[in-house]
**Q** 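The structure is given below, and queries will be raised subsequently.
A, B, ... follow the sequence lines: proteins, then strands. Residue 1 opens every chain. When reading the values below, keep in mind they use all heavy atoms of this one structure, side chains included, and skip hydrogens, waters and symmetry mates.
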Amino acid sequence: MPREIPKTYEPQQIEPRWARAWVEQQLFRADAKAAGPVFSIVIPPPNVTGSLHIGHMLEHTEIDILTRWHRMRGFNTLFLPGTDHAAISTQRVVARELAAQGIDYRKLGREEFEKRTWKWKEEYGGKITEQMRQIGESCDWTRERFTLSPELSRVVIDVFVRLYEEGLIYRGHYIVNWCPQCQTTISDLETIHEERQGSLWYVRYPVVGTSQHIVVATTRPETMLGDTGVAVHPEDERYRHLVGKRARLPLMNREIPIVADTFVDREFGTGAVKVTPAHDPNDFELGKRHNLPEIDVMTDDGHMSAAAGAYAGLERFEARKRIVEDLKAQGLLEKTVPYTHAIGVCERCKTIIEPRASTQWFCKMKPLADPAIAVVESGEIRITPENWREVYFNWMHNIRDWPVSRQLWWGHRIPAWHCRECKEIIVAREAPAKCKKCGSGKLEQDPDVLDTWFSSALWPFSTLGWPRETEDLRTYYPTTLLITGYEILFFWVARMIMMGLKFTGKVPFRTVYIHPIVRASDRQKMSKSKGTGIDPLDINRKYGTDAMRFTLMMMAAPGKDLIWTEDKIESSRNFANKIWNAARFLFVNLDKFEPGGATMEELASPEVRAAAPHRFRGELPLVERWIFSRAARTVAQMHGALQEYRFHEAAHVIYHFVWGDFCDWYIEWQKPLLTSSDRETATAAWRNIFSVFEAALRLLHPFMPFLTEELWHRLPQAATAKSIALAQYPQARPEWIDEEAERQFTLLQETITAAREIRATMKLDSKRKVAADFSSVEYDLRELIKANRQPVLRLASLSDLRVSGEPLQAAGGTVRSTARFDMRVASAEAVDIATEMGRLRKEMERLERDVESKKHRLEDATFLSKAPHHIIKGLRDTFFERQIELKKIKQRLEQIENNA
RNA sequence: GGGCGACUAGCUCAGUUGGUUAGAGCGCUCCCCUCACACGGGAGAGGUCAAAGGUUCAAGUCCUUUGUCGCCCACCA
């Protein structure tokens, strides 16, 4: 047993060793599948850049805590680490990496690009895995999670075909969001709206056959090249005479009809609107109603297309500038006013998205959404914290069809084949040999791939072997829990629910726990791209993983984002150090005790610990009854808090137990006993302190895995014990709860505190011991003090304590009183009387107010008739106590005044 | 424009179903380097729980309004 223990806990010397051991010995994986209740958990993918930031750590820590806790309770646990296809991001990052090497990915060809991406994914997966190992993640972060494996692909294709056959997948021609940078369609969810300062340009369109103009307002002049109409409100008197006439589109010299449509807002701009069906969702609908043609004036990379006439080839914003200039030159620009409006930008690359009319694959949502709403309403799926339920319903009720095709190379290829001869589209699981309509063999697979989230939506069952009725599917599906952040509630969570219900008929998970988001100190969401991400590995090196985990958990109150500032971690680091030193205390003192006494094996073996609490000559002293009672309560609270995903509560509970109860009181109280020459008593004390300590380690283990693992191994363990993570989590011990012991011990604590308070008032330094008087009218209380005289003297630094039932003479000393006892230290030296009186007066005023209000309430007949008995009784009891306290304070004040 | 949330000690935040003196960490003040720990020990100051109204015997907790600040959703040129 190593006995040279440094004074300070040094995580960097301990963590790497255990991280390695967990991985090499496959401790978590080996025992993951055992007999027992099932805990299966779906967890989200890491971000695609391959780097972790503090924001991820919260999620990983919660997952890891739940996993360790469940495994320690004998659950059969299983992870389904979420898929990371992240098609757009991946393609973009890989393309960038290739570009850095001077390679244009588009010239590589699809196959070669996929190959390169695979390689990159592997490296990335390896990097993430390595990082997760360093921080002690108990789940396996292997490359499988990035796999577009053939089996999974088959499931995705199967699902697509099934949905198509049911008419839920269809090809639609609509306005979609086009990102000219990523060069693909993106869904509404992937665009974010930003307020930007822009302009509203008022442009004159000459009315054909008249000398009149109709003035339209636009924020995007470049789209006017694609205008195929002008619309006004049918009841707008200003324009009624123009409806049915034609306008001449400036710059393009094209005649376009003036139509009437109720969609037009008479109040906005001039009340006349240009119609560009190919570049605006509203105009698209309007154009369909009035049979206006679509003219797409842009190219995939955001330049003006051949349809843009003289402007063809210009970048779209360059074209805007030129168009405005030209309009001005021709006297067709009536005015320009500054205008702030929201524009859509690509979530990933921040490029301004271009709405374009385009033919895409869509998935009908309504029939899938309705059952998904029902299961959350009925509680079959529980979303916690509950406020996210509303958000979920809100979105689901207003759900729109989902464009699922993406113009990318990386992802699951859409299983559709286009006939070159007859344009027939064939959706099938396998590539068809020939067109089923015209028999042509000239078939081409649709070049598009599926949105990342399409395959991710299937994850809970696709990974368990569905559609086969596998053992895994039977055992683990529906999974117990999904744990994720709210940013993918719609992307992923809602869609998993819909797809799960659709294809398995069952919910994919029982509970959805939405964890808070970690923000940087400026309240920005942590993000690598914004440079606001903090590398957890840096924090680890400085403070240790345990400290970082514990800090996050202390702050992680459900339903509220938390702000990461580095100073908070110091207190967790200190906590780790405190535990380390508590252990150090035990080991160092055991060294002193062992010669001639019992060995550590005899004092702390698993068998000995299991037999706790150990009696002292047939009896269990008060302090032992108290600490075991406190331990039992702590265990119960830990279970309750973790059951409800109240991580912050669990962290606070264990913190208080270890630091407040165990270190500050229990160890301090027991100190002399541990080196006592009374071997029998000392042995029992040692055995109990080791059992409580060891139980505390197990309680804490999910939160601080490294520190607890290290210390646990310094205690005697069974030869087969490999890790504290495989030990049993402390179980509730209701028989240890001892209310009487807690009440009595609290009184002893109050007595000691009262004496310390007096010492502080007298500004005595701790070496100077003084004699004190203790007085209480309660016989039991006096006996309690007498029975615990030694520890009280020691912890309060008193040389003597005279216990009596007589009132204390206040003169010439300092007194502290509670309702049940008085404590007095005589002293010849002058205490600061003014300060003391100020304190007493303030206390008196507070008590007077309190007593008055309680009296008032206790005289209230309605209160007495309506309030429950225990409330009335409690109030009455405290009322009497306050009254006594008040009386004592008043007497004390009088005495001081008389003396002065 | 809709929806959601927050406002509690100097700072960052807890506070389960309304119920007896509203808590923690950091910071601050005072005393201590006492043989586990100064990343420590002991003691203390500091809050009319954003404002107003309401429900109730009882409100930090429930309801309404207001203010301030966030977030999400939304096709108004």
**Q** With rounding to the closest Å, how many angstrom separate the P atoms on B:rC28 and B:rG10?
**A**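 After rounding to an integer number of Å, I get 15 Å for this pair.
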**Q** Select from A:Gly271 and A:Pro868 the residue whose nearest nucleotide in RNA chain B is closer to the 5' end of that strand.
**A**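 First, find each residue's nearest nucleotide; the 5'-ward one identifies A:Pro868.
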**Q** Hey, what's the ring geometry for A:Tyr513 with A:His515, parallel, tilted or perpendicular (30° and 60° as the breaks)?
**A**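 Answer is tilted, since the angle falls between 30° and 60°.
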**Q** By nearest heavy atom, map A:Leu847 and A:Asp860 onto RNA chain B; which one lands nearer the 5' end?
**A**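 On the 5' side of the pair lies A:Leu847.
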**Q** Using atom P in both nucleotides, what's the gap between B:rU61 and B:rG5 to the nearest angstrom?
**A**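 Pairwise P distance, B:rU61 against B:rG5, rounds to 16 Å.
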**Q** Kindly point out which of B:rA77, B:rA36, B:rG25 is positioned nearest to the side chain of A:Phe585?
**A**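 Within the option list, the nearest is B:rA36.
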**Q** Could you work out which one of B:rA77, B:rU16, B:rC31 sits closest to the side chain of A:Asp265?
**A** B:rA77
**Q** Taking only the C1' atom of each, what is the distance from B:rA52 to B:rA38 in whole angstrom?
**A**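 Approximately 50 Å lies between the C1' atom of B:rA52 and that of B:rA38.
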**Q** Specify whether A:Phe490 and A:Trp395 have parallel, tilted or perpendicular ring planes, treating 30° as the upper limit for parallel and 60° as the lower limit for perpendicular.
**A** parallel
**Q** Could you measure between the two P atoms, the one in B:rG60 and the one in B:rU48, and give it in whole Å?
**A**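 Here B:rG60 and B:rU48 have their P atoms 13 Å from each other.
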**Q** Using the P atom as the point on both nucleotides, what is the distance between B:rC63 and B:rC76, in whole Å?
**A**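 Those two atoms are separated by 32 Å.
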**Q** Can you check whether A:Trp659 and A:Tyr655 have ring centres sitting under 6.0 Å from each other?
**A** yes
**Q** Could you give the CZ-to-C1' distance, from A:Arg768 to B:rU34, as a whole number of Å?
**A** 17 Å
**Q** Both distances below 3.5 Å, Watson-Crick or wobble geometry, any strand: find the nucleotide opposite B:rG27.
**A**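 Per the H-bond distance test, none.
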**Q** Could you give the distance separating B:rG23 and B:rG67 at their P atoms, to the nearest angstrom?
**A** 34 Å
**Q** What's the closest nucleotide to the side chain of A:Leu875 if the choices are B:rA14, B:rC73, B:rU20?
**A**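 Nearest nucleotide to the side chain: B:rU20.
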**Q** What distance separates A:Thr270 OG1 from A:Arg238 CZ, expressed to the nearest 0.5 Å?
**A**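 Nearest 0.5 Å value for the OG1-CZ distance: 7.0 Å.
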**Q** Determine, for nucleotides 39-47 of chain B in 5'-to-3' order, which nucleotides have protein heavy atoms under 4.0 Å from the base (write B), from only the sugar-phosphate (write S), or from neither (write -).
**A** BSSSSSSS-
**Q** Taking atom P of B:rC57 as reference, at what distance in whole Å does atom NZ of A:Lys873 sit?
**A** 24 Å
